[in-house]
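Computed from heavy atoms alone, side chains included, the values below leave out hydrogens, waters and symmetry copies.
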Amino acid sequence: QVQLVESGGGLVQAGGSLRVSCVVSGRTFSSYAMGWFRQAPGKEREFVGAVSWSGGSTSYADSVKGRFTISRDNKKNTVYLQMNSLKPEDTAVYYCAADDPWFGPATAQAMGDIEYDYWGQGTQVTVSS
């Protein structure tokens, strides 16, 4: 059973930085593409960014491009989301998700939540103005 556990969320002032992490259980983490999504109150869940299995390819939503960076450490079964220049509109619950190649192509271009097979429980990020 694959489990994803996010951590590192919290309260930060606008303009500040925060890094959230996601640890994935299981021996096949290095084969997964990993994605980050977020959901603000009253809004639908939206794509933030994704990283390929090797870390060599990434993609980002336009709203976070240039401010957020996704990376991964396959030895630690961990994916990171570094968030800089945070804005109040970044406030949301942030979820990591795994795209398992067993079920189909798994790349950093997977931007739809239906493309992901496993999900974490989320971590709250609140940006104050």
Least distance between heavy atoms, Ser85 atom then Arg67 atom: O-NH1, 2.9 Å

Would you please test Val125 and Val20 for side-chain contact (heavy atoms from CB on, under 4.5 Å) and show each step? CA-CA 9 Å; Val125 172; Val20 292; 4.1 Å; yes

With a 4.5 Å cut-off on side-chain heavy atoms, are Arg38 and Ser63 touching? yes

Output field: ring centroids Tyr95/Phe37 closer than 6.0 Å: no

Do Ser129 and Gln13 come within less than 4.5 Å of each other through their side chains, counting heavy atoms only? no

Between the side chain of Ser59 and the main-chain N/O of Gly49, is any donor-acceptor distance below 3.5 Å? no

So, does Arg19 use its side chain to make a donor-acceptor pair with the main chain of Leu81 at under 3.5 Å? no

Under 3.5 Å: donor-acceptor pair, side chain of Tyr116, backbone of Asp100: no

Under a 4.5 Å side-chain heavy-atom rule over Ile, Leu, Val, Met, Phe, Trp and Tyr, are Phe47 and Tyr60 clustered together? no

Under the ring pair (Phe, Tyr, Trp, His ring centres under 6.0 Å) rule, collect the residues that match up with Phe29, sequence neighbours excluded. none

Who pairs with Tyr80 by ring pair (Phe, Tyr, Trp, His ring centres under 6.0 Å), at least two apart in sequence or on another chain? none

Evaluate the side-chain proximity of Arg72 to Met34: yes if any heavy-atom separation is below 4.5 Å, no if none is. yes

Can we say Lys87 and Asp90 salt-bridge, meaning some charged N sits less than 4.0 Å from an Asp/Glu carboxylate O? no

Derivation of the side-chain contact (heavy atoms from CB on, under 4.5 Å) call for Tyr94 and Cys22: CA-CA 10 Å; Tyr94 282 73; Cys22 173; over 6 Å; no

Would you say Gln3 and Trp119 make side-chain contact, with heavy atoms under 4.5 Å? no

Side-chain contact, heavy-atom cut-off 4.5 Å: Asp117 with Trp102? no

Walk me through it: do Gln121 and Glu6 pass the test side-chain contact (heavy atoms from CB on, under 4.5 Å)? CA-CA 7 Å; Gln121 82 291 345; Glu6 300 97 335; 2.9 Å; yes

Is there side-chain contact between Leu11 and Ser128, with heavy atoms separated by less than 4.5 Å? yes

Smallest separation among heavy atoms of Trp53 and Asn74, with atom names: O-ND2, 3.0 Å

Is Val48 reachable from Val12 through a run of hydrophobic residues whose side-chain heavy atoms are each under 4.5 Å from the next? yes

Could you walk me through whether Glu89 and Thr91 pass the side-chain contact (heavy atoms from CB on, under 4.5 Å) check? CA-CA 5 Å; Glu89 52 263 44; Thr91 294; over 6 Å; no

Side-chain contact test, heavy atoms from C-beta onward, threshold under 4.5 Å: evaluate it for Val93 versus Thr123 and give yes or no. no

So, for Ala40 and Ala92, which heavy atoms are closest and what is the spacing to 0.1 Å? N-CB, 3.8 Å

Val24 and Thr78, any side-chain heavy atoms less than 4.5 Å apart: no

Determine yes or no for a side-chain-to-main-chain donor-acceptor pair under 3.5 angstrom, with Gln124 supplying the side chain and Gly10 the backbone. no

Quiz question: by atom type and distance under 3.5 Å, do the side chains of Asn84 and Ser17 form a donor-acceptor pair? yes

Partner set under ring pair (Phe, Tyr, Trp, His ring centres under 6.0 Å) for Tyr32, not counting sequence neighbours: Tyr118

